[in-house]
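Working notes, beginning with the structure itself.
Because the structure is a prediction, the values reported are computed rather than measured. Chain A is the first sequence line, chain B the second, and so forth, proteins listed ahead of strands; every chain is numbered from 1.
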Protein chains: 2
Amino acid sequence: MSSASLKTRKRILQATIHLLEASDGRVVRMTDIAKKASITRQALYLHFKTRAELLIQTTYYLDEIYGSEARLMQSRAAKTGAKRLDAYVEAWGNYIPEIYGVAKALIAMSDTDEAAVKAWKKRMQDMHEGCAAAINMLDHERRLSPNFTPEQATDFLWCLLSVQNWEHLTIECGWSQSQYIEKYKTLAQAAFIN
Amino acid sequence: MSSASLKTRKRILQATIHLLEASDGRVVRMTDIAKKASITRQALYLHFKTRAELLIQTTYYLDEIYGSEARLMQSRAAKTGAKRLDAYVEAWGNYIPEIYGVAKALIAMSDTDEAAVKAWKKRMQDMHEGCAAAINMLDHERRLSPNFTPEQATDFLWCLLSVQNWEHLTIECGWSQSQYIEKYKTLAQAAFIN
DNA sequence: TACAATACTTGACACAGTGTCAAGTTGACA
DNA sequence: TGTCAACTTGACACTGTGTCAAGTATTGTA
C-alpha cells in the first residue's frame with residue numbers, strides 16, 4: 001500500500017468518473033478506463049477484481065469527494081415533517097446528478113452482474129431509510145395524508161425519487177435541475193401532506 | 001411467405017415471450033430462444049436481422065395478442081378529465097405487466113443498441129400522448145392544479161407511470177397489482193386535480 | 001416425375017469485451 | 001547489490017452476437 005499504489009488507484013477511480021460522466025450513456029470499457037488512467041488494461045485487475053467491483057468502489061469514492069452522506073443527513077435537522085420532506089427531496093435531488101454516470105453504469109450491469117445489483121440495492125436501501133424518516137415524522141405530527149399508510153408513502157416517495165425518474169424528467173423532458181427540485185417538492189407536499 | 005414460414009416466425013415470437021416472462025431479469029440469449037422454438041440459432045437470423053429487431057417485433061406481437069392499444073384507447077371515452085385520468089392510469093397500469101418482460105430486455109439493451117432505444121422511445125412517446133390527452137382535458141375544465149403547467153403535468157404523469165416505477169413498487173416493494181393501480185389513482189388525483 | 005424454390009441445418013469463423021496467466025521490466029528502498 | 005512491489009507485455013480462454021457457404025428436405029409446379 002505504498003503512496004505510488006494509492007496514487008494509481010485514485011487515478012483509476014478519477015478516470016472512471018470522468019469517462020462515465022462524459023459517456024452519455026455509452027458503455028465505458030475497461031480499456032477506456034485504463035487508457036485514461038495511463039495504465040495497461042491488465043493492471044486495472046491488480047487494483048479491482050472485476051469491472052463491477054471497480055464501479056462499486058467508484059460510488060464510494062464519489063461520496064468521499066462530494067461528502068454526499070453528510071448533506072443528506074442535514075435534512076434531519078428540519079423541525080417539522082413538511083420541512084424535512086422538502087429538505088430531503090432537495091438533498092437527494094441534488095445528489096443524483098453527482099452520481100448519475102456511475103449509477104447508470106451500475107444499473108445497466110444489474111442484468112448480468114449479481115455484485116452490481118447488490119451494490120446498487122444497498123445504496124437504494126439507504127435512500128429508503130431517509131424517505132421513511134421524513135414520512136414517519138409527518139405521521140407522528142398527524143399530518144400524513146390519510147390516503148397512505150406510512151409504509152406506502154415511504155415506498156412511493158422512494159420510488160418517485162429514483163435516478164431513472166430524474167433521468168426521464170431532466171434528460172428526456174428537458175427540465176432544469178431547479179425545476180426538478182421545485183416540482184418534486186410540490187408533488188410530495190400535494191401527495192403526502194394532509 | 002408460405003404458411004410454414006409464418007408458423008416458425010410465430011413460434012419464435014412465442015418462445016421469446018415465454019422466456020422473457022420467465023427470465024426474472026436474467027439475460028435471454030439467441031441460443032435460448034432458438035432452442036425453445038426448436039430451431040437452430042442461425043435460423044433465427046433468417047427471420048429477424050438482429051436481437052434488437054426480434055425484441056421490437058415481439059412488442060408488436062404482444063400488442064396483437066392482448067389488444068392493448070384498443071384498451072388504452074377506451075380511456076378516451078371518459079366524460080370528465082378526472083375520470084379520464086383514472087381510466088388512463090388503470091389501462092396503462094394493467095398494460096405494464098403484460099409487456100414487462102420484453103420491456104425490461106429492451107431497456108437493458110438501450111445502453112448498447114441504438115435500434116432498441118428508438119423502438120422503446122417510440123412506445124414511450126405513444127404513452128406520453130395518452131398522458132397529454134388526459135391532462136389537457138383536465139386543463140380545459142379548469143381543474144388542473146395551478147402548481148403545474150399542462151406540459152409539466154404531462155411530463156410528470158408520464159414519468160410516474162414508467163415501467164421502472166411499476167417494477168420498483170410491485171417487484172421490489174411487494175405491492176399487489178390492484179394496490180398499485182389504486183394508489184396511483186390517488187396520487188394522480190392529489191397531484192394534478194385542483 | 002422431375003425441377004426448382006424455399007426453409008432450414010451444419011459447421012465454421014470473425015469480432016468485441018471480460019478476465020487470466022506467465023515472464024519480463026523498472027524503480028525504490030535497505 | 002539485491003530484492004520487492006508495481007507495472008508491462010503478449011498471449012489465451014470464454015461468452016455472446018452476427019455472418020457465411022455448402023448441404024438437405026419439403027413443397028409446389030410445369
Q. Rounded to whole angstrom units, what separation is found between the OH atom of A:Tyr45 and the C1' atom of D:dT8?
A. 16 Å

Q. Who are the salt bridge (charged side-chain N to carboxylate O under 4.0 Å, His left out) partners of A:Lys185, not counting sequence neighbours?
A. A:Glu90

Q: Check whether any side-chain N or O of B:His47 sits under 4.0 Å from OP1 or OP2 of C:dA7, and answer yes or no.
A: no

Would you list the atom pairs, donor with acceptor, under 3.5 Å between side chains in residues 96-108 of chain A and any protein atom, with sequence neighbours excluded?
unit_1: A:Glu98; atom_1: OE1; unit_2: A:Arg71; atom_2: NH2; d: 3.2
unit_1: A:Glu98; atom_1: OE2; unit_2: A:Arg71; atom_2: NH1; d: 3.4
unit_1: A:Glu98; atom_1: OE2; unit_2: A:Arg71; atom_2: NH2; d: 3.0
unit_1: A:Tyr100; atom_1: OH; unit_2: A:Glu167; atom_2: OE2; d: 2.5
unit_1: A:Lys104; atom_1: NZ; unit_2: A:Glu167; atom_2: OE2; d: 2.8

Q.
By the salt bridge (charged side-chain N to carboxylate O under 4.0 Å, His left out) test, which pairs, at least two apart or in different chains, include something from residues 27-49 of chain A?
A. A:Arg29-A:Asp32

Q. Any salt bridge (charged side-chain N to carboxylate O under 4.0 Å, His left out) pairs touching residues 54-63 of chain A, not counting sequence neighbours?
A. A:Asp63-A:Arg123

(Q) Regarding A:Asn147 and A:Gln152, do their side chains bring together a donor and an acceptor under 3.5 Å, going by distance alone? (A) no

Q: Starting at atom CZ of B:Arg26, determine the distance to atom C1' of D:dT15, rounded to an integer number of angstrom.
A: 17 Å

**Q.** Partners passing salt bridge (charged side-chain N to carboxylate O under 4.0 Å, His left out) against B:Lys121 (at least two apart in sequence or in another chain)
**A.** none

Q. Sequence neighbours excluded, which residues qualify as salt bridge (charged side-chain N to carboxylate O under 4.0 Å, His left out) partners of A:Arg143?
A. none

Q: Mind telling me whether A:Tyr88 and A:Trp92 have parallel, tilted or perpendicular rings, with 30° and 60° as the class edges?
A: parallel

Q | Partners passing side-chain contact (heavy atoms from CB on, under 4.5 Å) against B:Ala191 (at least two apart in sequence or in another chain) | A | A:Leu187

Q) If you fit an axis to the five pairs at each end of the helix from C:dT1-D:dA30 to C:dA30-D:dT1, how big is the angle between those two axes, to 10 degrees? A) 20°

Q. If you look only at pairs with a residue in residues 141-164 of chain A, which of them pass as a ring pair (Phe, Tyr, Trp, His ring centres under 6.0 Å), with sequence neighbours excluded?
A. A:His128-A:Trp158, A:Phe148-A:Phe156, A:Phe148-A:Phe192, A:Phe156-B:Trp175, A:Phe156-B:Tyr184, A:Trp158-B:His168

Q.
By the salt bridge (charged side-chain N to carboxylate O under 4.0 Å, His left out) test, which pairs, at least two apart or in different chains, include something from residues 127-139 of chain B?
A. none

Q. When all nucleic acid strands are considered with a 4.0 Å heavy-atom cut-off, which category describes B:Ile39: base, sugar-phosphate, or nothing?
A. sugar-phosphate

**Q.** Closest listed nucleotide, where the reference is the side chain of A:Thr50 and the choices are C:dT9, C:dG19, D:dT19
**A.** C:dG19

Q: Would you indicate, yes or no, if C:dC8 has its OP1 or OP2 atom less than 4.0 angstrom from a side-chain nitrogen or oxygen of B:Thr8?
A: yes

Q: Could you run through nucleotides 10-16 of chain C and give me one letter per nucleotide, 5' to 3': B if any protein heavy atom sits under 4.0 Å from the base, S if only the sugar-phosphate is that close, - if neither?
A: BBB----

Short heteroatom pairs, N/O only, protein and nucleotides 23-25 of chain C, under 3.5 Å:
none

Q | Given D:dC7, C:dT18, D:dG18, the nucleotide with the shortest approach to the side chain of A:Met30 | A | C:dT18

